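Quick note on labels: first sequence line is chain A, next is B, and so on, each numbered from 1. No experiment lies behind these values; they were computed from the predicted model shown.
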Amino acid sequence: MAGIKTPRNFRLLEELEKGEKGIGDGSISYGLSDSDDISMTNWNATIIGPGHSTHENRIYTLSVECQKEYPTKPPLLKFISKINLPFVNSANGEIDVNKFNTIKQWKDSYTIEKVLLDLRKEMAAPDNRKLPQPKEGEYF
Amino acid sequence: MSAGLPKRILKEAERLQVDAPEGIQAIPSEEDIRYFDVSIQGPDGSPFEKGIFKLELWLPSSYPMEPPKVRFLTKIYHPNIDKLGRICLDILKDKWSPALQIRTVLLSIQALLSSPNPDDPLANDVAEHYKTDEQAAKAVSKEWTALYAESL
């Protein structure tokens with residue numbers, strides 16, 4: 001059964017259903033920005049900052065754009081909440097495709113969930129967890 | 001592309017072309033023969049009459065042990081179809097049997113257009129509307145058909 005790939009829309013419907021049920025302990029979540037959008041292009045996501053880091057207890061919101069070529073091509077991600085991370089553009093919140101490995105080495109088996117979980121892992125990584133952060137509640 | 005494709009899928013696809021059920025069209029995509037561009041004509045006497053509704057259908061790798069995946073791409077005001085075009089139909093879920101086919105699925109969807117079932121809703125607001133004021137709800141369905149389901 002190798003080589004059988006779920007087409008974009010049915011793949012995104014699966015991801016949506018999983019997101020609607022809630023992921024794990026709730027430290028990440030995502031859903032459609034517009035529940036009417038039949039193309040399922042624009043999504044909202046949240047990440048709750050990991051403990052033992054400068055992100056602890058903060059709620060970060062992000063926008064996720066799944067274009068026509070998803071999941072062959074990775075989604076476009078942007079932090080809406082202000083955050084200081086080496087792979088996030090400090091002017092507009094965009095994630096630098098070349099500095100964030102999950103996107104840089106994208107595979108079509110990856111999901112929105114995986115990207116968010118990996119972002120959260122990065123926040124807790126030794127190099128990043130003590131980075132000074134902007135005031136809470138600020139937006140790009 | 002068709003290497004390793006189960007004979008059953010090829011046969012079903014072929015029969016859908018040469019002997020299509022009335023008011024139903026299902027064309028396999030050139031890149032993926034498991035993916036079909038579907039259009040269903042709104043049944044006469046229903047609020048969807050004269051509309052052409054576009055759908056997409058895909059056969060997962062476990063088909064026919066598992067049902068096809070189907071959804072509407074045309075907006076439709078129907079108690080069993082939600083805003084994203086997802087369809088609430090028993091044979092697409094627990095009542096699926098490998099004896100059923102793409103053809104039977106599409107005919108069932110066409111029948112669902114003629115007889116909505118507001119007691120097993122997917123779009124709760126639409127179902128409520130159908131239950132409390134069927135005439136008004138049907139009028140909206142008709143309006144949406146004219147607005148979104150372009151007819152020829």
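Of the two parts of Leu57(B), only the backbone, made up of N, CA, C and O, holds a non-hydrogen atom closer than 4.5 Å to a non-hydrogen atom of chain A.
No more than 12 heavy-atom neighbours from other residues, nucleotides or ligands sit within 6.0 angstrom of NZ on Lys54(B). Taking a 6.0 Å sphere around CD of Glu69(A), one finds it holds more than 12 heavy atoms contributed by other residues, nucleotides or ligands. Heavy-atom neighbours of Leu147(B) CG from other residues, nucleotides or ligands within 6.0 Å: above the threshold of 12. Within a 6.0 Å sphere centred on CD of Gln25(B), heavy atoms belonging to other residues, nucleotides or ligands number 12 at most. No more than 12 heavy atoms of other residues, nucleotides or ligands lie within 6.0 Å of NZ in Lys7(B), so this atom counts as exposed by the packing criterion.
Residue Leu62(A) is not grouped with residue Ile59(A) when hydrophobic side chains (ILVMFWY) are merged at heavy-atom distances under 4.5 angstrom, including chains of intermediate members. Note: the hydrophobic cluster containing Leu100(B) also contains Ile24(B) (ILVMFWY, side chain heavy atoms under 4.5 Å, direct or indirect links).
When atom types are taken as modelled, the side chain of Arg34(B) and the backbone of Pro7(A) share no donor-acceptor pair closer than 3.5 angstrom.
Of all heavy-atom pairs spanning Phe10(A) and Val70(B), the tightest one is CE2-N, 3.8 Å. Nearest heavy-atom pair across Asp32(B) and Lys5(A) is OD2-O, 4.3 Å.
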Show the numbers, then the answer: is there a side chain to side chain contact (heavy atoms under 4.5 Å, CB included) between Leu16(A) and Arg86(B)?
-> CA-CA 12 Å; Leu16(A) 179 67; Arg86(B) 293 180 283 191; 3.9 Å; yes
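Test Ser61(B), Pro60(B), Ser62(B) against Ile4(A) for side-chain contact (heavy atoms from CB on, under 4.5 Å) and you get one pass: Ser61(B).
The pair Glu17(A)-Lys69(B) fails the salt-bridge criterion, with no side-chain N (NZ, NE, NH1 or NH2) lying under 4.0 Å from an Asp/Glu carboxylate O.
Most heavy-atom pairs under 4.5 Å with chain B: of the set Asp37(A), Asn9(A), Leu13(A), this distinction falls to Asn9(A).
Atom CD1 of Ile38(A) sits about 5.5 Å away from atom CZ of Arg71(B), to the nearest 0.5 Å.
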